[in-house]
Amino acid sequence: MGAEVGDPEGKPRRVRMTPGARRVLEAAERLFYEHGIHAVGVDLIAAEAGVTKKTLYDRFGSKEQIVVEYLAGRDERWRELLAGRLEEAGDGAPARIEAVFEASRAWSARYGARGCGMINAHAEIGDPAHPAYPVITGQKRWMLDLFTGLAREIDAVGADRLARTLMLLHEGALVAHGVGIVPDPFGSALDQVRELLGR
């Protein structure tokens, strides 16, 4: 198995990427997102990546570890995009909250035609013992924490309630985007956010 990257804070184990491992992961990311995690087997991933199954298992050890890398990679890219949008928005909490929704709209237009990868994965991975489960729930907890921190800048007393409302609007927009029956769900969510914030 490939060399593993540990984390003292208990985050999921990660694999160091070789060129072969990167090809496997690129193929798996596309296939998992387009077809679902359970529908895609290691034979197909290996074939799409142009590697042998032995190489795949040497690098990752299991399909479950490939799923961890797929979801953790999406999460890292999302956080990077969001950090840039939040920085551009400046210091005001209302503007930064709006920036989260605008970032999600941009992300979904580019990477999320089938909706949120984490929500989609959670529909298939309901077992907390699965190594990818903490990646999914950790990403959503991180988003709630972000909204809570921003909400505290606006209303220290009602911050938790405001954060939960923002989170539900955000997650609802992600799901609606993936389903494709609500036109501009992020715009609709932003209208509700602005009403909540009195903007």
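Under 4.0 Å is where a charged nitrogen must lie from a carboxylate oxygen, and between K140 and E171 at least one such pair does. We find that E98 and R194 are joined by a salt bridge, their nearest charged nitrogen and carboxylate oxygen being less than 4.0 Å apart. Contact check on R79 versus D75 returns a salt bridge, with a Lys/Arg side-chain nitrogen under 4.0 Å from an Asp/Glu carboxylate oxygen. Between R77 and E29, at least one side-chain nitrogen of the basic residue sits less than 4.0 Å from a carboxylate oxygen of the acidic one, meeting the salt-bridge criterion.
Residue-environment remark: CG (D91) stays at or below the threshold of 12 foreign heavy atoms within 6.0 Å.
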Next on the checklist: Working note: E153 + R96, criterion salt bridge (charged side-chain N to carboxylate O under 4.0 Å, His left out); need CA distance, chi angles, decisive distance, verdict.
Outcome noted: CA-CA 11 Å; E153 296 179 33; R96 287 164 64 84; 5.3 Å; no
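Of the possible donor and acceptor atoms, none in the side chain of E64 sits under 3.5 Å from a partner among the backbone N and O of P131.
Residues V24 and L44 are members of one and the same hydrophobic cluster, defined by side-chain heavy-atom contacts under 4.5 angstrom among Ile, Leu, Val, Met, Phe, Trp and Tyr.
To the nearest 0.5 angstrom, L82 atom CG is 5.0 Å from W142 atom CH2. Note that the CG atom of L169 and the OG atom of S104 stand 12.0 Å from one another [nearest 0.5 Å].
Qualifying side-chain contact (heavy atoms from CB on, under 4.5 Å) partners for D184, counting only residues two or more places apart in sequence or in other chains: R105, F186. Taking the ring-ring contact (aromatic ring centres under 6.0 Å, His included) definition, one finds that Y33 meets it with nothing, sequence neighbours left out.
In this pair, F101 and F147 present their aromatic rings tilted. The plane angle is within the 30 to 60° band.
Within the 4.5 Å cutoff, side-chain heavy atoms of I154 are placed close to those of I97. Taking the side chain as every heavy atom from C-beta outward, W78 and M143 approach each other to under 4.5 Å. The shortest side-chain heavy-atom distance between F32 and I66 falls under the 4.5 Å cut-off.
Listed by first and then second residue, the ring pair (Phe, Tyr, Trp, His ring centres under 6.0 Å) pairs involving residues 116-135 are H122-Y133 (not counting sequence neighbours).
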